[in-house]
Participant: 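Quick one: the structure is below, and I'll ask about it shortly.
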Number of protein chains: 2
Amino acid sequence: MVRPSRSQDAHERPTARTRIVEAAARLFQSQGYAGTGLTEILRASKAPKGSLYHYFPNGKRDLAGEAARVAGARFADTMARMAGESASSAQFVVQFTGQLATWLEESRFRQGCPLATLALELAPGDSEASDTLEGVFAAWQDALKLRLEADGIAPERAGRLALLILSSIEGALILSRTARKTEPVLSVGEELAALIESHRGT
Amino acid sequence: MVRPSRSQDAHERPTARTRIVEAAARLFQSQGYAGTGLTEILRASKAPKGSLYHYFPNGKRDLAGEAARVAGARFADTMARMAGESASSAQFVVQFTGQLATWLEESRFRQGCPLATLALELAPGDSEASDTLEGVFAAWQDALKLRLEADGIAPERAGRLALLILSSIEGALILSRTARKTEPVLSVGEELAALIESHRGT
DNA sequence: GTCTATATAGACCGGTCGGTCTAATCATGG
DNA sequence: CCATGATTAGACCGACCGGTCTATATAGAC
């Protein structure tokens with residue numbers, strides 16, 4: 001049936017499925033859904049077209065959903081790790097936006113939010129994809145909310161604050177990419193930190 | 001030479017150029033750049049392909065630039081009008097996000113920010129388009145900054161606040177579109193208003 | 001009128017799109 | 001060692017892509 005769990009062995013090459021999903025996530029992130037052809041994904045992942053339709057019988061749409069889930073989970077892991085290591089919510093936001101700025105520069109401003117392009121192109125026309133993306137965004141917001149609550153901020157307030165933080169970071173990533181400068185995302189990070197500080201224990 | 005200025009006569013049908021740009025702006029906004037074909041734009045604008053390449057010899061890219069300029073200017077006009085009519089920056093932000101929520105619902109969440117999709121798909125690969133988009137974003141931010149300064153907020157602070165407001169509204173539009181709910185953009189509007197109030201006269 | 005530049009009209013092009021299909025190969029359990 | 005299903009491999013398909021080109025209509029200048 002399914003390939004046994006050897007797929008994670010250290011010395012083994014990732015399976016074709018993994019390579020396809022990784023390449024798709026990266027390419028969708030930088031070029032968008034419609035702007036990325038299956039041929040390009042296959043070339044980047046060194047996989048044949050047969051494998052793609054073996055693992056994703058419904059083709060490009062299913063692949064986009066899986067890519068969004070994987071990339072979203074990885075993003076969430078990074079957030080959770082940094083949230084755990086930081087001394088306060090405010091410090092966390094500054095560190096996180098700093099990390100985003102680094103990633104922007106490393107990719108020469110080609111890679112922003114891993115989900116934003118997919119969200120704009122697929123929602124709300126593709127309701128299944130929208131549900132997936134909505135779930136990932138909600139998970140991110142929840143991670144932020146938990147971190148704020150750990151600083152003593154009341155749940156209701158933390159939820160609204162988390163939404164503001166997530167929204168402003170998403171928007172700042174767009175502005176930074178467009179301007180090819182890290183300043184927007186860094187400035188927003190600092191402003192958010194100041195805002196959080198003013199909410200300590202409320 | 002150029003068609004005389006009859007093009008604005010009230011009883012006259014808009015020129016093919018205008019129709020093409022309007023249709024392109026609308027379609028790019030909802031489906032993205034790569035996801036919108038020239039044939040679709042031509043069908044929507046009832047214009048022949050010859051006209052498109054007559055007005056935009058460099059084709060789709062030039063058309064996207066012009067569509068972004070036109071849509072961006074219209075957005076800026078709306079902001080300026082609402083800013084002038086509002087009693088305070090905070091009230092303005094609430095009214096503006098309310099208007100955005102209405103537009104989202106009217107389009108059944110298909111039309112968010114007129115520039116976001118173009119920005120994510122074209123920047124930073126197309127530096128000319130990036131420059132255009134960056135200019136429009138900067139104009140929006142400046143309109144916000146001016147409104148904040150009119151409330152007595154210091155220029156440096158107003159600039160950073162304007163960036164935060166613009167970013168968070170951009171991000172909230174993505175989240176609202178994905179979730180097919182107006183709640184994110186409305187909630188962000190209220191949070192921003194509260195934030196602005198806390199800055200009165202600083 | 002005639003001349004000239006603008007604008008309309010759409011057939012046509014090579015290339016790429018997402019998707020289908022058949023055949024070969026591989027790995028594993030009996 | 002064979003049987004079986006998972007996987008790889010890529011030729012192939014019709015549709016559509018952005019872009020080019022030639023021919024025609026239209027309108028203002030003189």
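In the text below, chain A, chain B and the rest are named by the order of the sequence lines, each starting its count at 1.
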Participant: Please confirm whether the shortest side-chain N or O distance from B:Y55 to OP1 or OP2 of C:dT8 is below 4.0 Å.
Facilitator: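 The answer is yes; a side-chain N or O of B:Y55 sits under 4.0 Å from OP1 or OP2.
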Participant: Between the protein and nucleotides 9-15 of chain C, which nitrogen or oxygen pairs come in under 3.5 angstrom?
Facilitator:
none

Participant: What's the CG-P distance between A:D62 and C:dG18, to the nearest Å?
Facilitator: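 Those two atoms, CG and P, are 14 Å apart.
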Participant: Scan for salt bridge (charged side-chain N to carboxylate O under 4.0 Å, His left out) pairs involving residues 88-106 of chain A, sequence neighbours excluded, and state none if there are none.
Facilitator: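 As it turns out, there is no salt bridge (charged side-chain N to carboxylate O under 4.0 Å, His left out) pair with a partner in residues 88-106 of chain A once direct neighbours are skipped.
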Participant: Listing request: all ring pair (Phe, Tyr, Trp, His ring centres under 6.0 Å) pairs with a residue in residues 105-124 of chain B, at least two apart in sequence or in separate chains.
Facilitator: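 Every candidate ring pair (Phe, Tyr, Trp, His ring centres under 6.0 Å) pair involving residues 105-124 of chain B fails, so no pair, neighbours aside, qualifies.
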Participant: Roughly, in whole Å, what's the span from CD in A:E121 to C1' in C:dC17?
Facilitator: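 These atoms are roughly 15 Å apart.
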Participant: Near DNA chain D, under 4.0 Å by heavy atom, which residues of residues 28-40 of chain B?
Facilitator: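 Heavy-atom contacts with DNA chain D come from B:T36, B:G37, B:L38, B:T39.
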Participant: Suppose the criterion is side chain to side chain donor-acceptor pair (under 3.5 Å): which pairs have a residue in residues 114-128 of chain B, not counting sequence neighbours?
Facilitator: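 Non-adjacent pairs meeting side chain to side chain donor-acceptor pair (under 3.5 Å): B:R61-B:D126.
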Participant: Between C1' on C:dT8 and CZ on B:R19, what's the gap in Å once rounded to a whole number?
Facilitator: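 Rounded to whole Å, this separation is 10 Å.
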Participant: Looking at every heavy atom in both A:L148 and A:A158, which two are closest together, and how far apart are they?
Facilitator: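 For A:L148 and A:A158, the tightest heavy-atom pair comes out as CD1-O, 3.5 Å.
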Participant: Using distance only, find each side-chain donor-acceptor pair of residues 167-175 of chain A under 3.5 Å and give its atom names and separation, not counting sequence neighbours.
Facilitator:
from   : atom 1 : to     : atom 2 : distance (Å)
A:S167 : OG     : A:L163 : O      : 2.9
A:S168 : OG     : A:L164 : O      : 2.8
A:S168 : OG     : A:I165 : O      : 3.1

Participant: Filter on side chain to side chain donor-acceptor pair (under 3.5 Å), then keep only pairs touching residues 72-83 of chain A, sequence neighbours left out; what's left?
Facilitator: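 Checked against side chain to side chain donor-acceptor pair (under 3.5 Å) - neighbours excluded - the pairs reaching residues 72-83 of chain A are A:E22-A:R74.
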Participant: Under the ring pair (Phe, Tyr, Trp, His ring centres under 6.0 Å) definition, can you give me all pairs with a residue in residues 130-181 of chain A, not counting sequence neighbours?
Facilitator: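 Every pair satisfying ring pair (Phe, Tyr, Trp, His ring centres under 6.0 Å) with a residue in residues 130-181 of chain A: A:F75-A:W140, A:F137-A:W140.
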Participant: Which residue, A:K60 or B:R17, contacts DNA chain C at a nucleotide closer to its 5' end, judged by nearest heavy atom?
Facilitator: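 Comparing both residues, the 5'-ward one is B:R17.
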Participant: Specify the separation, in whole Å, of atom CD1 of B:I41 and atom P of D:dG19.
Facilitator: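 Taking atom P of D:dG19 as the reference, CD1 of B:I41 is at 11 Å.
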Participant: In whole angstrom, give the distance that lies between atom CZ of B:F56 and atom C1' of D:dT20.
Facilitator: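 Rounded to the whole Å, the gap is 18 Å.
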Participant: Please tell me whether B:D151 and B:S89 have a donor and an acceptor in their side chains that are separated by less than 3.5 angstrom.
Facilitator: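 There is such a pair (donor and acceptor under 3.5 Å, judged by atom type) between the side chains of B:D151 and B:S89.
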Participant: Over how many whole Å does the gap from B:L42 atom CG to D:dG19 atom P extend?
Facilitator: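 Going from CG in B:L42 over to P in D:dG19 covers 12 Å.
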Participant: Which pairs pass ring pair (Phe, Tyr, Trp, His ring centres under 6.0 Å) with one or both residues in residues 29-53 of chain B, sequence neighbours excluded?
Facilitator: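 As it turns out, the ring pair (Phe, Tyr, Trp, His ring centres under 6.0 Å) pairs with a partner in residues 29-53 of chain B, which skip direct neighbours, are B:F28-B:Y33.
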Participant: What's the NE2-C1' distance between B:H54 and C:dA7, to the nearest Å?
Facilitator: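 From B:H54 NE2 to C:dA7 C1': 5 Å.
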